[in-house]
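Data first, discussion second: the structure below is written as structure tokens.
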Amino acid sequence: MYYKILDKIKDELKKGNKVAFAMLTEVKGSSPGKAGAILAFFKDKSIMGTVGGGILEYEVITKCEECLEAGEDSLFSHSLDESSQDMPMQCGGDVSGYIKVFKPTPKLLIVGGGHVGFNIYNVSRSLDFHTIVIDDRQEFGNKERFKLADEIYFGNISNILDKLKIDENTYVVIATRSYEKDLEALREIIKQNPTYTGMIGSVKKWTTLKSELIKEGIEENRLNKVYAPVGLNISSNDVKEIAFGIVAELLLVKNNGHLSHRKDRK
């Protein structure tokens with residue numbers, strides 16, 4: 001059974017889905033589940049495995065669902081006796097466990113393989129991203145230029161984006177060669193649900209582009225989620241530093257971070 005659960009988890013991660021995996025790590029006294037018992041909770045609310053059934057399992061499944069929604073791991077512990085307020089049972093034991101949320105490798109989608117896109121790719125290479133690069137020109141969208149990218153496409157940007165799976169596990173940076181291509185890319189991406197979308201350019205450019213998309217019927221609240229101009233204000237005008245500021249902002253969003261100096265942390 002264990003290998004079947006692990007195979008299922010692997011398959012779900014390949015599909016881009018998170019999985020909550022619960023294990024009983026300590027059992028004292030009598031309990032329907034023994035130490036080492038496991039249960040996997042999936043996006044479609046199906047489960048594999050068991051931690052003993054009954055109220056205990058119900059509570060663990062409920063906690064798994066909460067963890068999956070938040071994307072965060074968690075410890076849990078329960079007393080299994082009649083006096084327990086959360087889980088009155090006759091067993092009389094105590095159980096503790098851990099829920100690990102397995103997440104698929106995050107995807108970094110770089111739309112535009114020019115100077116900025118190339119430097120974003122370079123900065124992000126040491127990070128754990130599945131990197132996808134798109135450009136409308138073959139000379140800027142090829143394996144020779146982006147040797148370590150996982151996927152590379154060139155051609156019609158709208159058609160390529162329409163075929164890609166862009167979901168909450170995707171982080172997008174738009175840095176094409178022109179206003180028109182940026183607009184083309186954002187039209188497609190805004191239909192999807194990436195966690196982060198950033199676009200290179202000035203405040204004036206973004207104001208104009210945003211206004212044009214609103215006229216086309218795109219809801220303003222969706223556009224307000226776009227990080228434009230993209231990046232943290234930590235760089236000079238050097239393209240490498242600009243790329244670093246963009247990746248830093250992306251990580252800030254990805255990790256639910258906040259801007260502070262570590263030396264100031266208490």
Side-chain angles (χ1 to χ4, degrees), residues 16 69-71 104 106-121 123-124 129-137 140-141 151-235 237 239 241-259:
E69 179 68 25
K107 294 179 288 187
L108 173 60
L109 173 56
I110 303 170
V111 187
H115 295 310
V116 175
F118 181 71
N119 279 279
I120 291 170
Y121 156 79
V123 170
S124 66
F129 282 104
H130 178 95
T131 305
I132 306 168
V133 180
I134 297 173
D135 201 280
D136 61 307
R137 304 157 293 177
F140 289 96
E151 299 177 51
I152 307 169
Y153 304 95
F154 74 90
N156 184 285
I157 290 175
S158 293
N159 291 343
I160 295 168
L161 290 172
D162 184 57
K163 295 174 183 177
L164 290 179
K165 182 180 180 181
I166 301 173
D167 55 18
E168 62 182 11
N169 194 46
T170 310
Y171 301 81
V172 183
V173 180
I174 302 172
T176 75
R177 62 190 173 99
S178 68
Y179 173 92
E180 289 74 20
K181 295 299 178 183
D182 284 349
L183 181 61
E184 179 183 347
L186 189 56
R187 275 198 191 102
E188 292 300 322
I189 291 164
I190 206 72
K191 299 174 186 175
Q192 309 301 323
N193 190 36
T195 291
Y196 173 92
T197 302
M199 192 175 73
I200 201 81
S202 65
V203 173
K204 182 178 180 181
K205 170 190 170 181
W206 171 240
T207 302
T208 304
L209 192 149
K210 179 180 175 182
S211 178
E212 187 166 343
L213 289 176
I214 289 173
K215 289 177 182 177
E216 293 178 10
I218 295 175
E219 296 177 3
E220 186 173 5
N221 66 327
R222 293 183 70 86
L223 293 167
N224 287 339
K225 296 177 182 178
V226 177
Y227 290 79
V230 67
L232 298 180
N233 189 23
I234 59 173
S235 60
N237 289 326
V239 67
E241 291 193 9
I242 290 170
F244 193 92
I246 291 170
V247 174
E249 180 180 74
L250 187 156
L251 291 175
L252 183 71
V253 174
K254 172 180 173 292
N255 299 321
N256 295 315
H258 63 278
L259 292 175

Between Gly113 and Val133, which heavy-atom pair has the shortest distance, and what is it?
CA-CG1, 4.4 Å

Using atom types as modelled and distance alone, determine if a side-chain donor or acceptor of Thr195 lies under 3.5 Å from a backbone N or O of Glu168.
yes

Would you mind reporting whether Leu209 and Met199 have side-chain heavy atoms less than 4.5 Å apart?
yes

Any salt bridge (Lys or Arg N to Asp or Glu O under 4.0 Å) pairs touching residues 201-212, not counting sequence neighbours?
Asp182-Lys205, Lys210-Glu220

Side chains of Leu164 and Glu188: does their closest heavy-atom pair fall under 4.5 Å?
no

If you compare all heavy atoms of Gly198 against all heavy atoms of Val230, which two are closest, and at what distance to 0.1 Å?
CA-CG2, 3.6 Å

Check whether any side-chain N or O of Arg177 sits under 3.5 Å from a backbone N or O of Gly114 as a donor-acceptor pair, and report yes or no.
no

Nearest non-hydrogen partners of Ile110 and Gly117, listed with the distance:
CG2-CA, 3.7 Å

Glu216, CD: over 12 other non-hydrogen atoms inside 6.0 angstrom:
yes

Heavy-atom count check: over 12 atoms from other residues, nucleotides or ligands less than 6.0 Å from Asn224 CG?
yes

Compile the donor-acceptor pairs under 3.5 Å between side chains in residues 250-258 and protein atoms, sequence neighbours left out, one pair per line.
{"from": "Asn255", "atom 1": "ND2", "to": "Leu251", "atom 2": "O", "distance (Å)": "3.3"}
{"from": "His258", "atom 1": "NE2", "to": "Ser260", "atom 2": "OG", "distance (Å)": "3.3"}

Before accepting this row, confirm whether a basic side-chain N of the pair Lys107/Glu151 lies closer than 4.0 Å to the acidic partner's carboxylate O.
no

Is the backbone N or O of Asp167 less than 3.5 Å from a side-chain atom of Thr170, with the two atoms forming a donor-acceptor pair by type?
yes

Are Thr197 and Lys225 close enough, and set up right, to give a side chain to side chain contact (heavy atoms under 4.5 Å, CB included), and what steps lead you there?
CA-CA 8 Å; Thr197 302; Lys225 296 177 182 178; over 6 Å; no

Heavy-atom pair of closest approach, residues Ile134 and Leu161
CD1-CD2, 3.5 Å

Value rounded to 0.5 Å, distance of CD1 in Ile152 from CG in Asp135
11.0 Å

Working for side chain to side chain contact (heavy atoms under 4.5 Å, CB included), residues Asn156 and Glu184:
CA-CA 10 Å; Asn156 184 285; Glu184 179 183 347; 3.7 Å; yes

Nearest 0.5 angstrom please: Ile174 CD1 to Leu186 CG, how far?
4.5 Å

Do Ile157 and Thr176 come within less than 4.5 Å of each other through their side chains, counting heavy atoms only?
yes

Can you name the closest pair of heavy atoms from Ser202 and Pro229 and give their distance?
C-CG, 3.8 Å

Determine yes or no for a side-chain-to-main-chain donor-acceptor pair under 3.5 angstrom, with Asn119 supplying the side chain and His115 the backbone.
yes

With side chain to side chain contact (heavy atoms under 4.5 Å, CB included) as the test, would you mind laying out the steps for Val173 and Tyr196 before giving the verdict?
CA-CA 8 Å; Val173 180; Tyr196 173 92; 4.3 Å; yes

Heavy atoms only: give me the nearest Trp206-Leu223 pair and the separation to one decimal.
CZ2-O, 3.4 Å

Please assess Val247 against Leu108 for the test side chain to side chain contact (heavy atoms under 4.5 Å, CB included), listing each intermediate value before the final yes or no.
CA-CA 10 Å; Val247 174; Leu108 173 60; 5.8 Å; no

State, with a plain yes or no, whether a side-chain heavy atom of Ile246 is found less than 4.5 Å away from one of Tyr227.
no

Could you tell me if the side chain of Val172 sits less than 4.5 Å from the side chain of Val111, heavy atoms only?
yes

